[in-house]
Amino acid sequence: MANKRYDINDERIARIDSILSRLPKLEKRIDEINAVLFAGNITSADFMKLTQERSVLVKKYDDLEREAAETYRIIDQKSRGNITIVSNNIE
C-alpha cells in the first residue's frame with residue numbers, strides 16, 4: 001500500500017476551493033435575509049433572529065473574502081463593500 005506524499009499545494013487548492021464555494025452560498029443567504037427584512041410584516045423576534053444571523057454571515061463572508069485576498073491573492077470582483085457589522089444593520 002503506497003502512501004501519498006503530503007503536498008502543500010493540494011492543501012492550498014482545497015482551501016481555495018472551499019472558500020470559493022462558500023462565498024456565493026453566504027451571499028445568497030444574506031440576500032434572502034435582506035429580502036425578508038425589507039419586505040417587513042415580521043415579528044420583532046423574527047427580525048432580531050434574522051439580523052443576528054445576517055451579522056454572523058456577513059462576518060463569515062468578510063473573513064473568507066479577506067483570507068482569499070491576503071493569503072491567496074484572490075480578489076472578489078463584486079465585494080460587499082465596507083459593512084459595519086451590528087445586529088440591526090440592513091444593506
| message | Can you tell me how far apart CG (Leu50) and OG1 (Thr43) are? Round to the nearest 0.5 Å. | response | 8.5 Å
| message | My understanding is that only one of Ile30, Leu37, Val36, Asp31 makes a side chain to side chain contact (heavy atoms under 4.5 Å, CB included) with Ile33; could you say which? | response | Leu37
| query | Just how far is it from atom CZ of Arg12 to atom CG of Asp7, taken to the nearest 0.5 Å? | reply | 11.0 Å
| query | Are side-chain heavy atoms of Tyr6 and Glu11 found at a separation under 4.5 Å? | reply | yes
| said: For the NZ atom of Lys60 and the CG atom of Leu23, what is their distance to the nearest 0.5 Å? | reply: 12.5 Å
| query | Could you give the distance from CD1 (Ile42) to NZ (Lys49), rounded to the nearest 0.5 Å? | reply | 10.5 Å
| request: Could you state whether Leu64 and Tyr72 fall into the same hydrophobic cluster, counting links through intermediate Ile, Leu, Val, Met, Phe, Trp or Tyr residues with side-chain heavy atoms under 4.5 angstrom apart? | output: yes
| query | Rounded to the nearest 0.5 Å, how far does CD1 of Ile74 lie from CD1 of Ile16? | reply | 4.5 Å
| For Arg29 and Glu53, what are the C-alpha separation, side-chain angles and deciding distance, and is it a side-chain contact (heavy atoms from CB on, under 4.5 Å)? | CA-CA 10 Å; Arg29 181 62 184 143; Glu53 179 184 355; 2.9 Å; yes
| query | Under 3.5 Å, is there a donor-acceptor pair between the side chain of Ser18 and the main chain of Ala14? | reply | no
| query | Considering residues at least two apart in sequence or located in another chain, which fulfil the side-chain hydrogen bond (donor to acceptor under 3.5 Å, both in side chains) criterion with Asp63? | reply | Lys59, Arg66
| task | Working to the nearest 0.5 Å, report the span between CD of Glu70 and CD of Glu65. | result | 10.5 Å
